[in-house]
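Worksheet for the structure shown next.
Not measured: the values here are computed from a predicted model.
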Amino acid sequence: MAPVLENGGYDNSRGKTSRTLEKGLRLLDLFDVEHQEWTLRDLREATGESKTTVLRLVKTLESLGYLTRDERSGRYRLGASVTKLAYVVFPHNELVRVAAPFMRRLSEQTNETVDIMVEVEPGAVMSLYDSTTRFLRTQSSIGKVLRPGLSQAGIKILVAFRPMETWDQIIAQSIIRHTDRTITDPEELRRQLLAARDEGVAYDFGEWSTELAAVAAPVFGADGSLRAALSVISPVERFNPEIQSRHADLVREAAADISKELGAPPEKVAFLRNRSA
């Protein structure tokens, strides 16, 4: 990047820069720990740009996921795409490092794809790492921010282990039909969340993709909070009741091992182990 001049511009003697891109990045650079939310007016005053220019920049950044608007306050804050970049630059090194060998073991045990998923903001999830011994007819979603509603086993786990009083609002905002198997009945979704919270696993039977089914379990961190969801993903045609039961036991065991290595409280590890057959 060209050197910054005292007037805030760039010295283009070493190469041309995009003024529009520069303005957009400077706008994003206004967001920090002390200034996490901005109104359009505040952004205009801080950048010195016209109302039209700031509105155009904000709408473009919002459409790409770099900004998100709070419907109640009208203020803007950083969106999931910025979080995605943070994951690329500063990945969950410890989580992936600890999980990887157990995920490879689980993939070998099941002969299926194993994935670990985290939530980057409400309703948005990202896969950090996967391990597979089979070729599934689907593209890897590592690093991609997805909004699957409650159609994936992993996100059911991420919601199930939240405070139960938050469920109704989450369910109301998460009913998105992806296939003809996607569950859209709020009562059935709540029943599944209750079962996941009790059994330590959640299922997806072709609800996100008609070709895929999955079973997922929670991974807990050192403070006992949920760190991630660990999933075994299979083609629907192989996901018979016997396989479902076997994969559920194996994914719980792997999640327990990962949680233990992360320093999770013994009761969290025991919760997972005690539910395996």
Side-chain angles (χ1 to χ4, degrees), residues 92 95-119 125-144 146 148 150-161 178-179 181 183 192-193 195-220 226-262 264 268-277:
H92 288 257
L95 176 58
V96 173
R97 178 187 62 79
V98 169
F102 296 106
M103 292 174 67
R104 287 192 290 270
R105 183 192 70 189
L106 181 58
S107 182
E108 292 170 358
Q109 289 172 329
T110 61
N111 204 24
E112 301 290 7
T113 295
V114 176
D115 174 89
I116 194 162
M117 170 190 292
V118 295
E119 188 172 47
V125 296
M126 180 187 294
S127 293
L128 297 178
Y129 180 81
D130 67 23
S131 179
T132 184
T133 58
R134 284 187 187 265
F135 173 74
L136 293 180
R137 290 173 294 175
T138 182
Q139 293 182 340
S140 173
S141 60
I142 294 177
K144 295 180 181 178
L146 302 177
L150 283 171
S151 63
Q152 290 184 341
I155 199 167
K156 290 177 185 178
I157 286 293
L158 294 173
V159 172
F161 287 86
H178 296 283
T179 74
R181 298 184 182 184
I183 297 170
Q192 289 196 3
L193 295 178
R197 195 180 181 97
D198 179 61
E199 299 169 11
V201 287
Y203 298 90
D204 157 21
F205 299 93
E207 297 159 41
W208 167 251
S209 166
T210 55
E211 298 180 350
L212 303 176
V215 55
V219 172
F220 300 105
L226 188 69
R227 282 290 304 274
L230 181 70
S231 303
V232 178
I233 305 166
S234 311
V236 168
E237 62 269 20
R238 283 204 293 271
F239 205 57
N240 58 50
E242 181 181 353
I243 291 296
Q244 292 169 29
S245 178
R246 179 171 182 270
H247 286 188
D249 286 343
L250 289 171
V251 76
R252 272 188 296 246
E253 189 66 23
D257 288 338
I258 296 170
S259 298
K260 182 179 179 180
E261 289 296 313
L262 290 173
K268 294 293 185 179
V269 177
F271 164 79
L272 292 165
R273 296 204 197 282
N274 292 343
R275 277 154 180 77
S276 297

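Taking both residues in full, the closest heavy atoms of Leu230 and Ile116 are given as CD1-CB, 4.4 Å, listed atom of the first, atom of the second, then distance. Here the closest non-hydrogen pair linking Ala153 and Tyr203 is CB-C, 3.8 Å. The shortest heavy-atom contact between Gly154 and Ala229 is O-CB, 3.4 Å. Between Pro148 and Val125, the shortest heavy-atom distance links the atoms CD-CG2, 3.8 Å. In terms of heavy-atom proximity, Ile157 sits nearest to Ala196 at CD1-CB, 4.3 Å. Annotation for Ala256 and Val269: closest pair O-CG1, 3.8 Å, computed over non-hydrogen atoms.
Val201 has its side chain within reach of Arg252: a pair of non-hydrogen atoms, C-beta onward, lies under 4.5 Å apart. You'll find the side chain of Leu262 reaches within 4.5 Å of the side chain of Val219, heavy atoms only. When side chains are defined from C-beta on, Ile243 does not count as touching Thr110, because their heavy atoms never get closer than 4.5 Å. In this structure, the side chains of Leu250 and Val232 stay at 4.5 Å or more apart for every pair of heavy atoms. Residues Arg104 and Ser131 meet the side-chain proximity criterion, which asks for heavy atoms closer than 4.5 Å. Side-chain contact between Val215 and Phe239: present, with at least one pair of heavy atoms (C-beta onward) separated by less than 4.5 Å.
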Could you go through Leu95 and Arg227, starting from their C-alpha distance and side-chain angles, then the distance that decides it, and tell me whether this counts as side chain to side chain contact (heavy atoms under 4.5 Å, CB included)? CA-CA 8 Å; Leu95 176 58; Arg227 282 290 304 274; 3.4 Å; yes

Worked verdict on Glu211 versus Val236 for side chain to side chain contact (heavy atoms under 4.5 Å, CB included): CA-CA 6 Å; Glu211 298 180 350; Val236 168; 5.7 Å; no

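Distance check: Asp249 CG to Gln109 CD gives 11.0 Å after rounding to the nearest 0.5 Å. A distance of 11.0 Å separates CG of Asn240 from CZ of Arg246, quoted to the nearest 0.5 Å. In this structure, Thr113 OG1 and Met103 CE are separated by 9.5 Å, a value rounded to the nearest 0.5 Å. Between atom CG of residue Leu212 and atom OG of residue Ser231 there is a gap of 11.5 Å, rounded to the nearest 0.5 Å. In this structure, Leu193 CG and Leu150 CG are separated by 6.0 Å, a value rounded to the nearest 0.5 Å. Between the OG atom in Ser151 and the CZ atom in Phe205 there is a gap of 14.0 Å [rounded to 0.5 Å].
Remark: the Asp115 side chain and the Ser127 side chain contain an N/O donor-acceptor pair separated by less than 3.5 Å.
For Arg273 and Asp257, the salt-bridge test passes: some basic side-chain N is under 4.0 Å from an acidic carboxylate O. For the pair Glu112 and Arg238, the salt-bridge criterion is met [side-chain N within less than 4.0 Å of a carboxylate O]. A salt bridge is absent between Arg97 and Glu261; no separation between the charged side-chain nitrogens and carboxylate oxygens falls under 4.0 Å. One finds no salt bridge joining Arg181 and Asp204 here, because no Lys/Arg side-chain nitrogen approaches an Asp/Glu carboxylate oxygen to under 4.0 Å.
Between the side chain of Thr210 and the main chain of Gly206, no donor-acceptor pair closer than 3.5 Å is present.
Partner of Glu207 under the side-chain hydrogen bond (donor to acceptor under 3.5 Å, both in side chains) criterion, out of His178, Lys156, Gln152: Lys156 alone.
The aromatic rings of Phe220 and Phe161 stand perpendicular to each other, their planes meeting at an angle above 60°, with 30° marking the opposite boundary.
For the ring-ring contact (aromatic ring centres under 6.0 Å, His included) test, no residue two or more places apart in sequence or in another chain qualifies with Phe102.
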